[in-house]
Amino acid sequence: MMSLTTGRPVLACFDGSAQSEHGLQAATDLLGPADVIVLAVWQSVATRLAEGGSFGAVAVAEHEALDQAEEAAARAAAARGAERAQAAGRRATPRAEEARETTWLTILQVADEVDAALIVTGSRGRGALKSALLGSVSREVLAHSRRPVLIVPPGPEED
């Protein structure tokens with residue numbers, strides 16, 4: 001077991017997917033007694049449309065309802081992740097954050113804000129072609145981070 005003795009928290013990215021569950025489990029199994037901040041990042045409809053290159057119109061009422069649902073889902077995912085980390089004996093804090101630009105940039109901004117000792121993220125397990133075409137949050141976090149990053153590959157049941 002590795003042990004982080006920096007007194008700084010581990011930032012665990014968590015969206016409730018099997019890959020993020022596997023990443024969180026690896027972090028709690030491997031990293032000893034470090035505190036964990038479980039981060040779920042969400043995007044507004046407008047940000048998603050802009051990121052995808054679409055400028056389609058969405059009714060304001062629908063937009064607000066969808067954004068509220070996204071934020072609520074992120075808060076619930078972060079809470080579930082924190083409960084899992086707490087069940088593994090870690091002091092864990094849930095956090096949901098809106099990505100005003102990209103998800104990976106939001107992760108790095110939160111990591112800087114909390115002075116994370118390590119960023120942990122699961123891997124989607126996409127093949128090279130799909131990853132190149134679709135992009136990858138974990139790849140971008142790794143490429144742009146100034147702090148250590150642990151990318152946990154999919155577990156055997158996720159292959």
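Computed from a prediction, not measured in an experiment: that's the story for all the values here.
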> Is there a donor-acceptor contact under 3.5 Å from the side chain of S145 to the main chain of L142?
Replying inline: no
> Going from CZ on R147 to CG on L118, what distance comes out if it is rounded to the nearest 0.5 angstrom?
Replying inline: 10.0 Å
>> One thing to verify: whether R75 and E70 come together as a salt bridge, which I'm taking to mean a side-chain N less than 4.0 angstrom from a carboxylate O.
In response: no
> Checking side chain to side chain contact (heavy atoms under 4.5 Å, CB included) against W104, which of Q109, R139, E140 comes through?
Replying inline: E140
>> So, applying side chain to side chain contact (heavy atoms under 4.5 Å, CB included) with V114, which one of D35, T93, L39, I37 is it?
In response: I37
> When rounded to the nearest 0.5 angstrom, what is the spacing between CG in L150 and OG in S123?
Replying inline: 11.0 Å
>> Measuring from atom CG of L31 to atom CZ of R90, what distance do you get when rounded to the nearest 0.5 angstrom?
In response: 7.5 Å
> Are the side chain of T28 and the backbone of A88 linked by a donor-acceptor contact shorter than 3.5 Å?
Replying inline: no
> Any donor-acceptor pair under 3.5 Å linking the side chain of Q86 with the backbone of A92?
Replying inline: yes
> Do you know which two heavy atoms are closest between A40 and A77, and how far apart they sit?
Replying inline: CB-CB, 4.4 Å
> Once you round to the nearest 0.5 Å, how far does OG1 of T106 lie from CD of E98?
Replying inline: 8.5 Å
>> Show the nearest heavy-atom pair for residues H22 and P153, with the distance to one decimal.
In response: CD2-O, 2.9 Å
> Which pair of heavy atoms, one from V10 and one from A34, lies closest together, and at what distance?
Replying inline: CG2-CB, 3.8 Å
>> Please give me the minimum heavy-atom distance between S138 and I151, naming the atom from each residue.
In response: O-CD1, 3.5 Å
> OG1 of T103 to CD of E101: how many Å apart, nearest 0.5 Å?
Replying inline: 11.0 Å
> Does a side-chain heavy-atom distance below 4.5 Å link E71 with E97?
Replying inline: no
>> Less than 3.5 Å apart, any donor N or O on the side chain of D67 or S44 sitting next to an acceptor on the other?
In response: no
> How about V36 and R91: do any of their side-chain heavy atoms sit closer than 4.5 Å?
Replying inline: no
> Can you tell if the side chain of C13 reaches within under 4.5 Å of the side chain of I119, non-hydrogen atoms only?
Replying inline: yes
> Does the side chain of V110 come within less than 4.5 Å of R95's, by heavy atoms?
Replying inline: yes
> For the atom pair CD (Q19) and CG (L24), what is the distance rounded to the nearest 0.5 Å?
Replying inline: 13.5 Å
> Which pair of non-hydrogen atoms, one from V120 and one from G23, has the smallest distance, and what is that distance?
Replying inline: CG1-O, 3.6 Å
>> Under the criterion salt bridge (Lys or Arg N to Asp or Glu O under 4.0 Å), I'd like the reasoning laid out for E21 against R80: C-alpha separation, chi angles, the key distance, then a yes or no.
In response: CA-CA 10 Å; E21 296 250 359; R80 280 192 316 275; 5.4 Å; no
